[in-house]
S.K.: 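Dropping a structure here in structure tokens format, bear with me for questions.
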Amino acid sequence: MTDAVLVTGAFGLVGSSTVKRLSADGRQVVATDLDVPAHRKAAQQLPPGVEVRYADLTDPIEVDALIQGIAPAAIIHLAAVIPPFIYSRKSLAEKVNVGATASLLAAAEKLPKPPRFVQASSIAVYGARNPHTHPDPLTADTPLNPADVYGAHKAAAEKLVRASPLDWVILRLGGVLTVDPAAYMKLDNLYFEGLLPVDGRLQTVDVRDVARAFAAATTADAVGETLLIGGDDTHRLIQGDVAPAMAAAMGLVGGLPTGLKGDPNDDAAWFNTDWMDTSRAQEVLRHQHHSWPEMLIETANKAGARRHLLRVAAPLTKAIFTRRAAYFGRTEPYADPWGAIAAKWADPRPEEASQ
Ligand SMILES: NC(=O)c1ccc[n+]([C@@H]2O[C@H](COP(=O)([O-])OP(=O)(O)OC[C@H]3O[C@@H](n4cnc5c(N)ncnc54)[C@H](O)[C@@H]3O)[C@@H](O)[C@H]2O)c1
């Protein structure tokens with residue numbers, strides 16, 4: 001047994017920030033992820049002292065060797081296949097999102113001193129959220145009702161964690177954002193955000209605060225708890241405001257098209273997001289350090305001189321994104337997020353529902 005914290009998915013959005021946080025806190029960190037060139041390159045930028053072990057977590061033998069070799073004091077399990085890419089890779093995603101969780105738990109349970117297991121889950125477990133019929137924010141006790149394969153995988157992984165004899169903590173994350181402008185420029189992500197109902201509710205959170213939450217959850221007095229990780233109340237946003245505000249902070253003022261509202265009379269035609277009651281999580285993890293307005297200011301500062309170029313380009317990007325948007329040329333009054341996901345990627349429903 002070591003004092004090490006093992007972080008899976010360590011080169012992903014949340015993983016990179018979590019590794020940095022743990023390292024800055026003076027913790028011994030082992031980072032694990034797939035052995036691909038981009039991760040080898042990113043590994044060169046890791047804080048000194050962070051150890052890297054490459055492994056494919058869909059292989060139970062590799063998982064066993066990893067866990068027995070490190071014997072960590074805690075595991076932060078972040079590795080996953082997430083939206084929108086999950087929709088066209090359901091079978092691989094199931095192996096990562098559910099199968100790898102099972103393998104990690106089984107390997108960890110065999111250690112002489114079993115580690116604490118901190119599981120990354122998502123508010124996708126609650127399914128579609130029509131704000132007109134669900135006025136209250138989500139709590140840990142809101143019934144689970146996954147609408148898509150992602151929510152179903154996360155609910156299945158949570159069930160495995162709860163059934164395990166390990167000390168566990170489950171963190172259900174809201175919409176994770178970063179002040180690094182480059183992260184917003186992926187076309188698939190912009191297309192995806194553009195198809196979601198503009199008046200859907202979303203509670204965002206700065207990735208650095210998510211990292212704080214995961215680091216704190218390895219030691220906090222929260223064993224056996226399911227905690228909702230969102231930013232403070234300034235992060236209670238409306239879907240259609242988020243990408244345009246971030247883009248505007250980077251200089252792209254008015255550079256994104258406006259999508260469609262959700263259908264107030266169709267509970268199923270909304271996406272997996274809502275506002276959250278984060279009070280218990282904040283009480284035990286003290287993770288909320290970056291408000292939404294502060295994130296926008298920091299994004300603008302980081303964009304620096306590029307803001308002027310992007311400002312000039314805004315009318316052009318709006319024209320391009322308008323033509324590429326999911327509902328371009330369509331006459332329906334309301335957004336159809338699941339239909340638009342199926343048209344672009346694949347049927348988003350969980351395996352059993354789509355057969
Ligand atoms: N980003 C969000 O808004 C958000 C919201 C809710 C929940 N979450 C959850 O938080 C966690 C981290 O999300 P993220 O945004 O950092 O995702 P990400 O896609 O940026 O990172 C996931 C990481 O998992 C790794 N991975 C995938 N398959 C693997 C395999 N077979 N073996 C080993 N590693 C593998 C990837 O290489 C990647 O580095 C995930 O569990 C996700 O479901 C994220």
Side-chain angles (χ1 to χ4, degrees), residues 6-20 31-43 52-63 66-67 75-86 89 91-104 117-126 138 146 148-158 161 170-178 180 183-184 186 188-189 192-193 196 202-211 213-214 217 226-231 235 237 239 242-243 271-274 276:
L6 174 67
V7 180
T8 76
F11 293 114
L13 173 67
V14 177
S16 332
S17 199
T18 302
V19 166
K20 267 193 213 145
T32 187
D33 209 312
L34 289 170
D35 188 359
V36 295
H39 296 161
R40 291 254 166 194
K41 197 167 166 214
V52 183
R53 299 276 181 93
Y54 295 105
D56 179 348
L57 301 181
T58 61
D59 179 345
I61 297 170
E62 284 193 40
V63 171
L66 177 75
I67 300 297
I75 298 173
I76 297 177
H77 179 37
L78 304 171
V81 178
I82 66 173
F85 310 103
I86 183 173
R89 295 172 210 166
S91 160
L92 168 69
E94 210 269 341
K95 291 193 183 91
V96 180
N97 296 351
V98 187
T101 308
S103 305
L104 282 164
F117 197 89
V118 184
Q119 168 73 11
S121 189
S122 163
I123 59 160
V125 295
Y126 300 110
L138 298 166
D148 70 347
V149 62
Y150 181 55
H153 286 175
K154 286 292 174 190
E158 282 196 10
V161 172
I170 293 171
L171 304 191
R172 289 184 185 148
L173 314 186
V176 182
L177 297 180
T178 147
D180 171 15
Y184 289 94
K186 296 197 180 108
D188 268 0
N189 288 338
F192 181 58
E193 284 184 24
L196 305 177
L202 169 68
Q203 190 150 347
T204 53
V205 55
D206 188 305
V207 70
R208 293 166 295 184
D209 291 352
V210 176
F214 276 105
T226 300
L227 300 168
L228 270 54
I229 307 301
H235 283 272
L237 303 172
Q239 180 69 54
V242 178
F271 195 57
N272 291 333
T273 60
D274 205 340
M276 310 145 76

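Just so you know, these numbers come straight off a predicted model, no measurement behind them. Scope of the values below: all heavy atoms of this structure, side chains included, with no hydrogens, waters or symmetry mates. As the structure lists them, so they are numbered: ligands from 1, and atoms in each ligand from 1.
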S.K.: Evaluate side chain to side chain contact (heavy atoms under 4.5 Å, CB included) for Leu177 paired with Val205, printing each intermediate quantity in order.
M.R.: CA-CA 6 Å; Leu177 297 180; Val205 55; over 6 Å; no
S.K.: Taking atom 3 (O) of ligand 1 as the point of reference, which of Asn272, Thr204, Val176 owns the nearest heavy atom?
M.R.: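 Answer by nearest heavy atom: Val176.
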S.K.: Just jot down the ligand 1 atoms closer than 4.0 angstrom to any heavy atom of Ala55, in number order.
M.R.: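 Here the atoms of ligand 1 in question are 32 (N), 33 (C).
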S.K.: Counting heavy atoms only, which part of Val96 comes closer than 4.0 Å to ligand 1: side chain, backbone, both or neither?
M.R.: side chain
S.K.: Please classify the Ala100 to ligand 1 contact at 4.0 Å (heavy-atom distances, strictly less than): side chain, backbone, both or neither.
M.R.: neither
S.K.: Compute the shortest N/O to N/O distance between Lys154 and ligand 1 and return yes if it is under 3.5 Å, no if not.
M.R.: yes
S.K.: For ligand 1 and Ala10, I'd like to know whether there is a polar contact (N/O to N/O, distance under 3.5 Å).
M.R.: no
S.K.: Tell me the contacting part of His39 for ligand 1: side chain, backbone, both, or neither, using a 4.0 Å heavy-atom threshold, strictly below.
M.R.: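 The answer is the side chain of His39.
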S.K.: Provide, to 0.1 Å, the distance between atom 10 (O) of ligand 1 and the closest protein heavy atom, together with that atom's residue and name.
M.R.: Leu173 CD1, 3.5 Å
S.K.: Who's the nearest protein heavy-atom neighbour of atom 31 (N) of ligand 1, and how far?
M.R.: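 Ranked first by proximity to atom 31 (N) of ligand 1 is Asp56 OD1, 3.0 Å.
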S.K.: Is there a donor-acceptor contact under 3.5 Å linking the side chains of Thr58 and Asp56?
M.R.: yes
S.K.: Using heavy-atom distances, let me know which of Val14, Asp33, Thr58 sits nearest atom 26 (N) of ligand 1.
M.R.: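 Heavy atom nearest to atom 26 (N) of ligand 1 belongs to Asp33.
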S.K.: Ignoring hydrogens, just give me the one of Ala124, Ser121, Ala120, Ala38 whose non-hydrogen atom is nearest atom 7 (C) of ligand 1.
M.R.: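 Residue with the shortest heavy-atom distance to the ligand atom: Ser121.
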S.K.: Give me the atom names and distance for the closest heavy-atom approach of Ala217 to Leu171.
M.R.: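 Minimum heavy-atom separation between Ala217 and Leu171: CB-CD1, 4.2 Å.
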S.K.: Taking the six-membered ring for Trp, are the ring centroids of Phe85 and Tyr150 within less than 6.0 Å of each other?
M.R.: no
S.K.: Relative to atom 42 (C) of ligand 1, which among Tyr150, Phe11, Phe214, Phe85 owns the nearest non-hydrogen atom?
M.R.: Tyr150
S.K.: Nearest protein heavy-atom contact for atom 20 (O) of ligand 1: which residue, which atom, what distance?
M.R.: Leu13 N, 2.9 Å
S.K.: Output yes when the distance from some N or O of ligand 1 to some N or O of His77 is under 3.5 Å, and no in every other case.
M.R.: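 No: no nitrogen or oxygen of His77 is under 3.5 Å from one in ligand 1.
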S.K.: Any N or O of Val81 that comes nearer than 3.5 Å to an N or O of ligand 1?
M.R.: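 No; every N/O pair is 3.5 Å or more apart.
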S.K.: Purely on distance, is any nitrogen or oxygen of Leu57 under 3.5 Å from one on ligand 1?
M.R.: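 Yes.
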S.K.: Working to the nearest 0.5 Å, report the span between CG of Asp33 and CG of Leu78.
M.R.: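 The distance works out to 9.5 Å.
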S.K.: Report the nearest protein non-hydrogen atom to atom 30 (C) of ligand 1: residue, atom name, distance rounded to 0.1 Å.
M.R.: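 Nearest neighbour among protein heavy atoms for atom 30 (C) of ligand 1, to 0.1 Å: Leu34 CD2, 3.5 Å.
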S.K.: Any idea which heavy atoms bring Leu66 and Ala55 closest together, and the distance?
M.R.: CD2-CB, 4.4 Å
S.K.: Which atom names give the shortest non-hydrogen contact between Ala157 and Thr101, and what distance separates them?
M.R.: CB-OG1, 4.0 Å
S.K.: From atom 27 (C) of ligand 1, work out which of Gly9, Gly175, Ala80, Ala42 has a heavy atom at the shortest distance.
M.R.: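 Ranked by closest heavy atom to atom 27 (C) of ligand 1, first place is Ala80.
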S.K.: On a heavy-atom basis, which atom in Ala80 and which in Val96 lie closest, and how many Å separate them?
M.R.: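 The answer is CA-CG1, 3.7 Å.
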S.K.: Do the side chain of Gln203 and the main chain of Met276 share a donor and acceptor less than 3.5 angstrom apart?
M.R.: yes
S.K.: Which of the atoms of ligand 1 are close to Gly174, meaning less than 4.0 Å from one of its heavy atoms?
M.R.: 3 (O), 5 (C), 6 (C)
S.K.: Please check if atom CG in Leu92 has more than 12 non-hydrogen atoms from other residues, nucleotides or ligands closer than 6.0 Å.
M.R.: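 Above 12, so yes.
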S.K.: Please state which part of Ile82 comes within less than 4.0 Å of ligand 1, counting heavy atoms only: side chain, backbone, both or neither.
M.R.: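 Just the side chain.
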S.K.: For ligand 1, is there an N or O atom under 3.5 Å from any N or O atom of Gly12?
M.R.: yes
S.K.: Would you please name every residue forming a side chain to side chain donor-acceptor pair (under 3.5 Å) with Ser103, sequence neighbours left out?
M.R.: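 Listed in chain order: nothing, the list is empty.
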S.K.: Do you know the tightest heavy-atom contact between Ala100 and Leu57?
M.R.: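 Minimum heavy-atom separation between Ala100 and Leu57: CB-O, 3.3 Å.
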S.K.: Scan Thr204, Val210, Asp206 and name whichever one has a side-chain contact (heavy atoms from CB on, under 4.5 Å) with Val176.
M.R.: Val210
S.K.: Which atoms of ligand 1 sit under 4.0 Å from any heavy atom of Leu78?
M.R.: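 Matching atoms, with element in brackets: 11 (C), 12 (C), 40 (C), 41 (O).
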